[in-house]
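Naming: A, B, ... by sequence-line order, numbering from 1 per chain.
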Amino acid sequence: GQQLNQSPQSMFIQEGEDVSMNCTSSSIFNTWLWYKQDPGEGPVLLIALYKAGELTSNGRLTAQFGITRKDSFLNISASIPSDVGIYFCAGQSGGSQGNLIFGKGTKLSVKP
Amino acid sequence: NAGVTQTPKFQVLKTGQSMTLQCAQDMNHEYMSWYRQDPGMGLRLIHYSVGAGITDQGEVPNGYNVSRSTTEDFPLRLLSAAPSQTSVYFCASKPGGADYGYTFGSGTRLTVV
């Protein structure tokens with residue numbers, strides 16, 4: 001089946017640093033989404049991307065839908081302690097009834 | 001507006017027992033899905049529904065049943081629990097159409113001993 005390769009698996013950064021993570025796939029996706037999961041909670045949608053090449057921001061978060069439609073990245077600028085959590089990418093391809101394929105997550109830790 | 005509500009939050013089962021994980025949404029969403037989350041595995045789709053009366057299998061459906069008799073509710077049934085079903089289960093819903101922003105519940109942590 002389809003798989004998403006998300007990297008890095010984990011990151012330990014200093015407060016104030018910028019963060020970058022990405023997802024790649026061997027398959028084409030029509031939609032890329034980025035979710036954040038806090039401990040003991042369900043994932044929360046951060047950014048949705050619908051067009052190849054699209055660059056979208058949400059506060060300190062910026063995400064891009066790759067031109068080839070096989071990759072996406074998420075950047076977080078000036079990290080703060082509440083950015084701690086697991087970030088998941090998810091892709092949706094045509095004909096899949098709207099179902100999402102998830103990456104395995106990037107665990108972000110921020111040192112104050 | 002409660003969003004997606006899952007019950008119970010925690011459950012311990014013995015091998016062979018059956019149980020139903022409840023999921024309800026109050027947003028009139030057409031699509032509902034069940035995922036399981038295991039360490040290092042991300043979220044994997046168990047079953048999904050694109051509307052009342054319509055369900056289909058996802059990536060890991062074995063050992064689970066679903067039904068969708070109303071728009072609001074999408075229960076997940078474990079027929080005969082096995083230790084391999086120890087996991088965190090998430091229910092999610094979204095509107096039909098091009099909006100792919102799934103809203104997730106807060107999860108049910110299930111342990112099978």
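The hydrophobic cluster containing A:Phe88 does not contain B:Ile46, counting ILVMFWY residues as joined when their side-chain heavy atoms lie under 4.5 angstrom apart, directly or transitively. One hydrophobic cluster holds both A:Tyr87 and A:Met11 under the rule that ILVMFWY side chains link at heavy-atom gaps under 4.5 Å. Cluster membership for B:Tyr31 and B:Tyr89, using ILVMFWY side-chain heavy atoms within less than 4.5 angstrom, is not shared. A single hydrophobic cluster is seen to contain both A:Phe29 and A:Leu46, as judged by linkage of ILVMFWY side chains at heavy-atom distances under 4.5 Å, directly or through other members. A:Leu4 and A:Phe73 fall into different hydrophobic clusters, defined by Ile, Leu, Val, Met, Phe, Trp and Tyr side-chain heavy atoms under 4.5 Å apart, directly or through other members.
Atom CG of B:Leu43 and atom CD1 of A:Ile101 lie 11.0 Å apart (nearest 0.5 Å).
A centroid separation of 6.0 Å or more is found between the aromatic rings of A:Tyr35 and B:Tyr102.
Side-chain contact between A:Leu100 and B:Tyr35: present, with at least one pair of heavy atoms (C-beta onward) separated by less than 4.5 Å. In this structure, A:Gln37 and B:Phe90 have side chains that are in contact, with non-hydrogen atoms separated by less than 4.5 Å.
When each of B:Arg44, B:Gln37, B:Glu59, B:Arg109 is checked for heavy-atom pairs under 4.5 Å with chain A, B:Gln37 comes out on top.
When every heavy atom of A:Glu41 is checked against every heavy atom of B:Ser106, the shortest pair comes out as OE1-CB, 3.8 Å. Across all non-hydrogen atoms, the minimal contact from B:Gly101 to A:Leu45 is CA-CD2, 3.5 Å.
Contacts between A:Gln6 and chain B at a heavy-atom distance below 4.5 Å are absent for every atom of the residue.
The neighbour count for A:Lys104 NZ, taken as heavy atoms of other residues, nucleotides or ligands under 6.0 Å away, does not exceed 12.
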